[in-house]
Amino acid sequence: MKKIAVFTSGGDAPGMNACIRAAVRTGIYKGLEVYGIYRGYEGMIEGDIKRLYSHSVSNIVQRGGTMLKSARSEEFRTPEGRKKAYENLKELGIEGLVAIGGDGTFTGAKLFFEEYGIPTVGCPGTIDNDIYGTDYTIGFDTAVNTALDAIDKIRDTAAAHDRIFFIEVMGRDAGFIAVESGIGGGAEFVMVPETKTDLKQVVKSLKNLRKSKTSSIIVVAEGDDLGNADEIMKQVKSQIKDPNKEFKVTTLGHIQRGGNPTARDRVLASRCGMAAVEGLLDGKTNCMAGVMNQQVVYTSFGDCIGKPKPLIQDHLKLIDILSI
Ligand code: F6P
């Protein structure tokens with residue numbers, strides 16, 4: 001293998017830049033020519049591909065976003081789109097790919113490998129932490145800390161005015177951000193897509209809060225089965241029927257996707273980026289480099305996409321017990 005290319009795809013995540021840097025520099029260290037594909041599969045289809053050097057990835061380890069930009073490509077879902085992408089890679093002589101992204105990225109990579117056989121190793125880049133085959137995904141730790149910072153601030157004003165706050169965090173299909181920011185932020189309740197939310201129980205608990213507890217924080221993952229934070233707040237409010245209780249909603253939104261990556265995310269990203277290139281050179285393909293129990297592990301894309309990553313049950317128990 002002489003030439004490889006790296007790209008980021010799907011929702012960006014803090015630490016993607018550190019991962020790009022690690023893949024580029026490991027490739028160069030190992031004597032490879034390294035290319036960057038811009039805007040994920042879109043750029044692969046359009047041939048938006050440039051040679052990267054060691055200096056190309058200087059001064060990015062600390063930055064959020066992705067220097068290669070990211071996109072969700074509809075065209076890559078079509079056989080014609082994938083054919084164009086293959087032809088562009090073939091023309092440049094690219095023999096291996098490092099794909100940084102989440103399950104959508106790996107679904108595309110798996111199909112592309114099955115059709116055209118270009119070896120691909122992935123790195124788990126998503127704030128959602130919903131990828132099987134790694135304890136944590138790149139960007140998750142930063143997103144949790146961003147959410148936590150916001151929760152701490154909201155708690156100040158919630159306490160000052162004795163209000164009940166519903167704080168919506170990201171997580172269309174996964175509640176990892178909600179659970180960890182909820183534990184760290186001392187939330188009274190956390191609502192996640194993985195479990196059925198018991199509204200009656202929430203209403204009952206809010207009605208019976210001990211006298212000294214006049215404000216409450218409820219963290220809602222955007223994909224909760226009962227709806228978003230605003231919808232849930234309205235349902236709770238209509239059932240509590242207490243004119244003395246004030247309800248507020250804050251949606252944190254894309255603020256959770258940006259910002260300088262934490263140390264944890266930079267280290268994880270650097271390890272995965274290096275492992276992806278080493279994996280390619282070792283003959284690995286159609287798999288993701290992740291970190292489990294402190295060790296680098298390679299997991300097939302099939303398992304990364306197909307196997308569920310359940311929430312840690314002890315975490316849910318913690319929230320229940322500590323919120324009394
Ligand atoms: O990065 C994952 C994620 O943050 C989800 O939790 C969220 O629903 C989604 O991306 C939103 O992404 P976008 O605004 O880019 O479509």
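Every number for a ligand or one of its atoms is a count from 1 in the order of the listing.
For ligand 1, the atoms sitting less than 4.0 Å from at least one non-hydrogen atom of Ile127 are 1 (O), 4 (O), numbered in the order shown with element in parentheses. In summary, the atoms of ligand 1 found under 4.0 Å from a heavy atom of His254, numbered by their order in the structure, are 13 (P), 14 (O). Per-residue contacts place Glu222 under 4.0 angstrom from the following atoms of ligand 1 (heavy atoms of the residue considered): 5 (C), 6 (O), 7 (C), 8 (O).
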| task | Show your reasoning for whether side chain to side chain contact (heavy atoms under 4.5 Å, CB included) applies to Tyr116 and Lys83. | result | CA-CA 9 Å; Tyr116 294 104; Lys83 186 162 181 284; 3.4 Å; yes
| message | For Asp265 and Thr142: C-alpha separation, side-chain torsions, deciding distance, then whether side chain to side chain donor-acceptor pair (under 3.5 Å) applies. | response | CA-CA 7 Å; Asp265 273 332; Thr142 309; 2.5 Å; yes
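Formation of a donor-acceptor pair under 3.5 Å by the Lys309 side chain with backbone atoms of Ile131 is found in this model. Checked by atom type and distance alone, the side chain of Thr137 never pairs as donor or acceptor with a backbone atom of Gly125 at under 3.5 Å.
Here's the thing with Arg257: one of its N/O atoms is less than 3.5 angstrom from an N/O atom of ligand 1. Geometrically, ligand 1 and Gly171 share a nitrogen or oxygen pair separated by less than 3.5 Å.
Scanning the protein for heavy atoms near atom 4 (O) of ligand 1, the closest one is Met170 SD, 3.0 Å.
By the 4.0 Å heavy-atom criterion, Arg72 is counted among the residues contacting ligand 1.
Residue pairs meeting the side chain to side chain donor-acceptor pair (under 3.5 Å) criterion with at least one member in residues 167-193, sequence neighbours excluded: Glu188-Lys213.
Between atom 2 (C) of ligand 1 and the options Asp128, Asn129, Ile177, the minimum heavy-atom separation is to Asp128.
If you look at Phe76 and Phe112, their ring centroids are closer than 6.0 Å.
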